[in-house]
There are 2 protein chains.
Amino acid sequence: MKSPTELTEAFRANGLKVTPQRQLLFRLMHGNTMHPTADALFSEASAQMPGISLRTVYQTLTDLASMGELRLIDVGAGAVRFDPNVDDHHHVVCQACGDVRDVYVAGSQQLRIDGLDGFAVDSTSILFHGSCAKCA
Amino acid sequence: MKSPTELTEAFRANGLKVTPQRQLLFRLMHGNTMHPTADALFSEASAQMPGISLRTVYQTLTDLASMGELRLIDVGAGAVRFDPNVDDHHHVVCQACGDVRDVYVAGSQQLRIDGLDGFAVDSTSILFHGSCAKCA
DNA sequence: GTGCTAGTTAGCAATCAATGCAGATTAGCA
DNA sequence: TGCTAATCTGCATTGATTGCTAACTAGCAC
Ligand SMILES: [Mn+2]
Ligand SMILES: [Mn+2]
Ligand SMILES: [Zn+2]
Ligand SMILES: [Zn+2]
């Protein structure tokens with residue numbers, strides 16, 4: 001994801017307004033490695049800006065996603081998570097505490113896929129399930 | 001997933017009763033390669049047994065899953081899908097029509113995972129996104 | 001076969017995540 | 001400074017799933 005300053009320009013360039021709510025979310029997401037849910041971000045945002053609405057959080061995250069600045073991660077349980085890391089990477093999720101961490105996977109282009117049968121593959125998501133160091 | 005006959009025995013052996021509703025669902029799921037949602041199964045079941053409840057479909061599928069007879073597949077959109085194929089396999093999902101197909105992946109044990117950082121991996125799910133032959 | 005009872009079913013309420021909607025508000029520009 | 005399209009908030013609604021409970025029944029004992 002771009003920096004808050006760059007996002008400010010990018011939003012204006014797209015005819016989108018830069019509001020205090022959006023600026024706050026730019027800051028909360030920039031460099032965030034927690035893979036937070038919308039609700040988790042809403043809590044953080046509310047601490048700094050009481051009165052901000054969950055609806056606005058969803059809206060801004062959706063805008064950022066459709067601009068390609070965020071990825072949505074579905075770990076198969078609970079709410080979708082938002083990821084400012086748009087590099088080619090994958091995830092490990094702790095079955096116990098739900099923590100999600102970035103992993104970089106080598107060899108994913110060498111996978112032999114049997115049974116494709118006319119299917120054209122655009123992208124691949126690999127999800128590793130396990131337990132983190134704390135929950136070991 | 002075991003055959004309906006084997007499941008009948010397995011359920012009784014676990015102190016679970018074998019009802020007509022469950023037997024119907026055993027039959028509908030056995031060998032089913034559609035990766036249906038609970039609601040899709042409910043529709044099929046209702047055609048053969050009017051009055052069966054969606055609640056019972058969910059309950060039976062959950063029972064089968066906790067006996068290890070079914071896998072739950074989350075393709076990141078809409079409802080969870082149920083899979084009687086418990087072999088080691090993965091999935092392709094068509095972005096256009098939502099169809100899910102089994103794929104068998106060689107080389108998934110050779111993946112080099114960077115950034116694990118104390119995380120112990122138990123299992124891996126690979127989801128390929130693309131378009132099926134029909135939606136090409 | 002009859003009766004008992006623990007387990008099951010159906011139906012509906014409740015929850016959770018996410019989106020739809022509309023009136024009040026405001027960023028950005030002239 | 002004023003205009004207006006875009007945004008925000010708060011609330012209603014949807015969709016998937018789970019919780020709850022009274023009525024029902026499979027499976028077992030007699
Ligand atoms: Mn990530
Ligand atoms: Mn499958
Ligand atoms: Zn953990
Ligand atoms: Zn398709």
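Here the structure is a predicted model, which is why all the values come from computation and not from measurement. Just so it is clear: chains get the letters A, B, ... in the order the sequence lines come, proteins before strands, and each one is counted from 1.
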Seminar exercise, completed: Any stem touching DNA chain C, meaning at least three consecutive Watson-Crick or G-U pairs under 3.5 Å, ordered by first number, would be C:1-30 with D:1-30

Exercise. Can you hop from A:L72 to A:L61 via hydrophobic side chains spaced under 4.5 Å?
Worked result: yes

Problem set entry | Heavy-atom closest pair, residues B:I126 and B:S108 | CD1-CB, 4.1 Å

Exercise. If only side-chain N and O atoms of B:T19 are considered, is one of them under 4.0 Å from the OP1 or OP2 phosphate oxygen of D:dT25?
Worked result: no

Problem set entry | B:F128 ring center near A:F119 ring center (under 6.0 Å) | no

Exercise. A:F42 CZ to C:dA18 P: how many Å, rounded?
Worked result: 14 Å

For this session: With ring pair (Phe, Tyr, Trp, His ring centres under 6.0 Å) as the test, would you mind laying out the steps for A:F11 and A:F26 before giving the verdict?
Result: CA-CA 11 Å; A:F11 265 57; A:F26 295 170; 4.9 Å; yes

Exercise. Charged N to carboxylate O below 4.0 Å: is that the case for B:D74 and B:R81?
Worked result: no

Exercise. In terms of side-chain heavy atoms, does A:H91 have a donor or acceptor partner in A:D83 at a distance below 3.5 Å?
Worked result: yes

Please list, pair by pair, any protein nitrogen or oxygen found under 3.5 Å from a nitrogen or oxygen in nucleotides 4-7 of chain C.
{"from": "C:dA6", "atom 1": "N3", "to": "B:K17", "atom 2": "NZ", "distance (Å)": "3.0"}

Exercise. For A:L25 and D:dT7, what is the distance between atoms CG and P respectively, to the nearest whole Å?
Worked result: 14 Å

Exercise. Which residues satisfy the side-chain contact (heavy atoms from CB on, under 4.5 Å) test with A:N14, sequence neighbours excluded?
Worked result: A:L16, A:M67

For this session: Please tell me which of B:P20 and A:P20 maps to the more 5' nucleotide of DNA chain D, matching each residue to the nucleotide holding its nearest heavy atom.
Result: A:P20

Seminar exercise, completed: In numerical order, the residues of residues 54-62 of chain A whose heavy atoms come under 4.0 Å of DNA chain D are A:R55, A:T56, A:Q59

For this session: For A:I52 and D:dT9, give me the distance from atom CD1 to atom P, rounded to whole Å.
Result: 6 Å

Exercise. Just by distance, with hydrogens left out, do A:T8 and A:T5 show a side-chain donor and acceptor under 3.5 Å apart?
Worked result: no

Problem set entry | Separation of atom CG in A:N14 from atom C1' in D:dA5, rounded to whole Å | 16 Å

Exercise. Can you tell if the side chain of A:F82 reaches within under 4.5 Å of the side chain of A:I73, non-hydrogen atoms only?
Worked result: no

Exercise. With a 3.5 Å cut-off and no angle check, do the side chains of B:H129 and A:T124 form a donor-acceptor pair?
Worked result: no

For this session: Classify the side-chain pair B:Q59/B:R55 by whether it contains a donor and acceptor separated by less than 3.5 Å.
Result: yes

Exercise. Quick one: salt bridge (charged side-chain N to carboxylate O under 4.0 Å, His left out) pairs with a partner in residues 85-114 of chain B, sequence neighbours left out?
Worked result: A:D117-B:R101

Exercise. Is the backbone of A:L41 close enough, under 3.5 Å, to the side chain of A:E44 for a donor and an acceptor to pair up by distance?
Worked result: no

Seminar exercise, completed: The correct set of residues in residues 64-85 of chain B placing a heavy atom under 4.0 Å from DNA chain D is B:A79, B:V80

